[in-house]
Amino acid sequence: MTASLSVSGVVRVPGDKSISHRALLFAALSHGSSRVRSILPSADVHSTAGVLRALGVTVPELSADFVMHGRGPLSLRVPRQDLDCGNSGTTTRLVAGIVAGRENITARFVGDASLSKRPMQRIARPLIAMGARVESERGDGLPMQVSGAALHSIDWRSEHASAQIKSAIMLAAVSSGVAVTVSEPTRSRDHTERMLAARGVTLQLGETTVTVPGGAVLHAADTDVPADPSSAAFFVALAGLSQHGELVLPDVCLNPTRTGGFDVLSRMGVRVRIEDRREVGGELLGTIIVSGGSLSGTAVGGDEVPRAIDEMPLIACVAARAQGDTRITGASELRVKESDRITAVVNNLRAIGVDAEELPDGMIVRGGSHPLRGHVTTHGDHRLAMSFGILGALPGNDIHIDDPACVAVSFPDFWSALSRVVGRAHTPASRAHDAATGSPDDASGYVAPPLRLVIAIDGPAASGKSSTSQWVAKRLGVRHVDSGAFYRALTAAALRSGVPAEQWTEASVLSHAPRIGQALTDRSVVPTLDGDTADSELRGSAVTAQVSRVARLPAARLWVNDRVRAAGASSDVVVDGRDIGTAVFPDASLKVFLIADSWERARRRLVQRLERRPTDAEIAEETEALVARDAKDATQSRPDPAAITIDTTTLTQEEQVDRIVALAEAVRRR
Ligand code: S3P
């Protein structure tokens, strides 16, 4: 008998790949400073960063939050080396467009074996028609040399619904300042259009056409990269194939040109619900809540294909577990992706025991429920590895994937995210371990998550985590534990001893620990000092001035973490403070990381402290102190990668609380 699969938890999938590439490219092409948050730091996006650097653009390290200073297309310089695009078609084609529009720049594009075989004529033809020189050394593919020129306008009719072709032409127009019109058979993803509009370019948009005006000058704009729907799709499919539980996927890009995969999976019977829909920087996003259902085959074709193009291998794998046939047609573009995704998917499905048939422009997959066993050859294609990885995670299946590491192209942490969701996972890494240790395969492959609701709220200094957490706890009717108060209690105890703070040592501070107890007030677990809650002393300026000294002592951190863990051990809790989601409650059911820009945090802190509107000069001074504090803190604590980041800069406290409560309720319902 096949064991059932249970899933649970919140999966924070990484940033959208298409938007991440464009965030860097558009920051470089704009004039001024652009802030980029939550970029996908994957191999493909590193390729774009590397290529831009070779073209003379200063691109900082791809951290979770950085600023790029753009100087426009004219600042690009002749690269001294080949532009290495790695595995990334988007990098090659979009940058080729940019270079084509720059007179006096010649660049040679190279890439890995897979990319070198991919068709480049599709962008060479329009770029040549605009006046650039584009030559592939082997007739098509890479290496390819692009020489920029003063381009002229064209009206291009693309044979393919491809955002890469469309974007290459639009970017050539932007970098040389001419107008273009591009039309395509059906509308492909429109991130380039949205990002141009957000940077002040007025486009003319038809159903399947776009016109970029001549002389477009891009203003700098910030990008908050939403989670990648194509990466989220793997977990939507996994939950859809499960018998119990629910997954919550926050902040996923729901741009309608990208959601075809979700539509197909819903039609097959996966239960998908969307909450917290909103628009950020011109892109729609929301939280996906997904659970399983009884799945049946479907037909995929026509206009839906470009909207689900990157999800096709996954849809085929889900179809293998559905009742009846799934027929994919009109998808010959799949043959020119990172691998020939028609032949490769069909051959791999057959290799693991699925009845599948290749069509010139798609495939037929006949569903079943017998165990699937065998070897999958990825051809280095990340989406193949992950799609078959989902089938491999189902109890009863035994699937070996030849190159699991290729997921680094778009979702570097895929295997660990999968392990977290299904417990002791059926992933390539754990299989290798099982084989080495001879441990029997656990039929369910599932470790039950804690049934308690533990909400861990973290954030930098003055992010408002403590007051927001108290309010969240109240709304949910659960306990609140403020870890910061325990640091304050330890600090107050050391101050009461009369020893000057400069002389405190780790041992002397910790010697006061036995004087600290705990009490339950209202709903909060708070520390007591020498038997009293001493609230005003703990919040007073003497303690405030020294508390970060105590919080930097590793032994004090361990002690506080233990106390907080004990205080929140037996009931549903909201716990806030540093390290909560990582060291104290690594299994928390929901982890939230509150951020806000330093100016806003400084302003809020001063309003609370001064009980009046602070002046700009006061805020500036406080901002400086906070930035210095952030730098110190960064060395000792970082957010858990699974935490949901909420930028509260423009949110009221009530809105912050609403967001967290909605997430908590979604977790609770599972
Ligand atoms: C992309 C467009 C799509 C997609 C690729 C990313 C983009 O390719 O498959 O993963 O960022 O523009 P095509 O435009 O060639 O269909």
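Indexing begins at 1, ligand by ligand and atom by atom, following the structure's order. Both backbone and side-chain heavy atoms feed into the values below; hydrogens, waters and symmetry mates do not.
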Checklist line | Atoms of ligand 1, numbered as shown, that sit under 4.0 Å from any heavy atom of Asp310 | finding: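 Answer, ordered by atom number: 4 (C), 5 (C), 9 (O), 10 (O).
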Margin query: Give the atom numbers and elements of ligand 1 that come within less than 4.0 Å of a heavy atom of Ser18.
Written below: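 By the 4.0 Å cutoff, the relevant atoms are 1 (C), 6 (C), 7 (C), 11 (O).
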Item checked: Arg35 (side chain) donor-acceptor with Val67 (main chain) under 3.5 angstrom ->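 It does not hold such a pair.
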Next item on the list: For Ser387 and Leu314, indicate whether the former's side chain and the latter's backbone hold a donor-acceptor pair under 3.5 Å.
Entry: yes
Next item on the list: Please list, chain by chain and in numerical order, all residues satisfying side-chain contact (heavy atoms from CB on, under 4.5 Å) with Thr90, sequence neighbours excluded.
Entry: His21, Arg22, Ser88, Leu94, Gln164
When you compare ligand 1 with [X], is there at least one nitrogen or oxygen pair between them that comes in under 3.5 angstrom?
{"X": "Gln164", "result": "yes"}
{"X": "Arg93", "result": "no"}
{"X": "Ile309", "result": "no"}

Quick one: look at [X] and ligand 1, take heavy-atom pairs under 4.0 Å, and tell me if it's side chain, backbone, both or neither.
{"X": "Arg189", "value": "side chain"}
{"X": "Arg22", "value": "side chain"}
{"X": "His191", "value": "neither"}

Notebook entry, point to check: Nearest to atom 16 (O) of ligand 1 by heavy atom, Glu333, Met312, Lys337: which?
Noted result: Lys337
Notebook entry, point to check: With under 30° as parallel and over 60° as perpendicular, where do the rings of Phe414 and Phe234 fit, or are they tilted in between?
Noted result: perpendicular
Checklist line | Nearest protein heavy atom with distance in Å, relative to atom 15 (O) of ligand 1 | finding: Ser162 OG, 3.1 Å
Quiz: residues 123-145 side-chain donor-acceptor pairs under 3.5 angstrom, not counting sequence neighbours:
residue: Ser136; atom: OG; partner: Gly141; partner atom: O; Å: 2.7
residue: Glu137; atom: OE1; partner: Arg108; partner atom: NH2; Å: 3.1
residue: Glu137; atom: OE2; partner: Arg108; partner atom: NE; Å: 2.6
residue: Glu137; atom: OE2; partner: Arg108; partner atom: NH2; Å: 3.3
residue: Arg138; atom: NH2; partner: Ser116; partner atom: O; Å: 3.2
residue: Arg138; atom: NH2; partner: Leu142; partner atom: O; Å: 2.7
residue: Asp140; atom: OD1; partner: Met120; partner atom: N; Å: 2.7
residue: Asp140; atom: OD1; partner: Gln121; partner atom: N; Å: 2.9

Item checked: Charged N-O contact under 4.0 Å between Asp228 and Arg258 ->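 Yes.
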Notebook entry, point to check: Got a sec: does the CD of Glu207 have more than 12 other heavy atoms crowding it under 6.0 Å?
Noted result: no
Notebook entry, point to check: Heavy-atom contact under 4.0 Å between His160 and ligand 1?
Noted result: no
Notebook entry, point to check: Given side chains that start at C-beta, do those of Phe235 and Val290 come closer than 4.5 Å, heavy atoms only?
Noted result: no
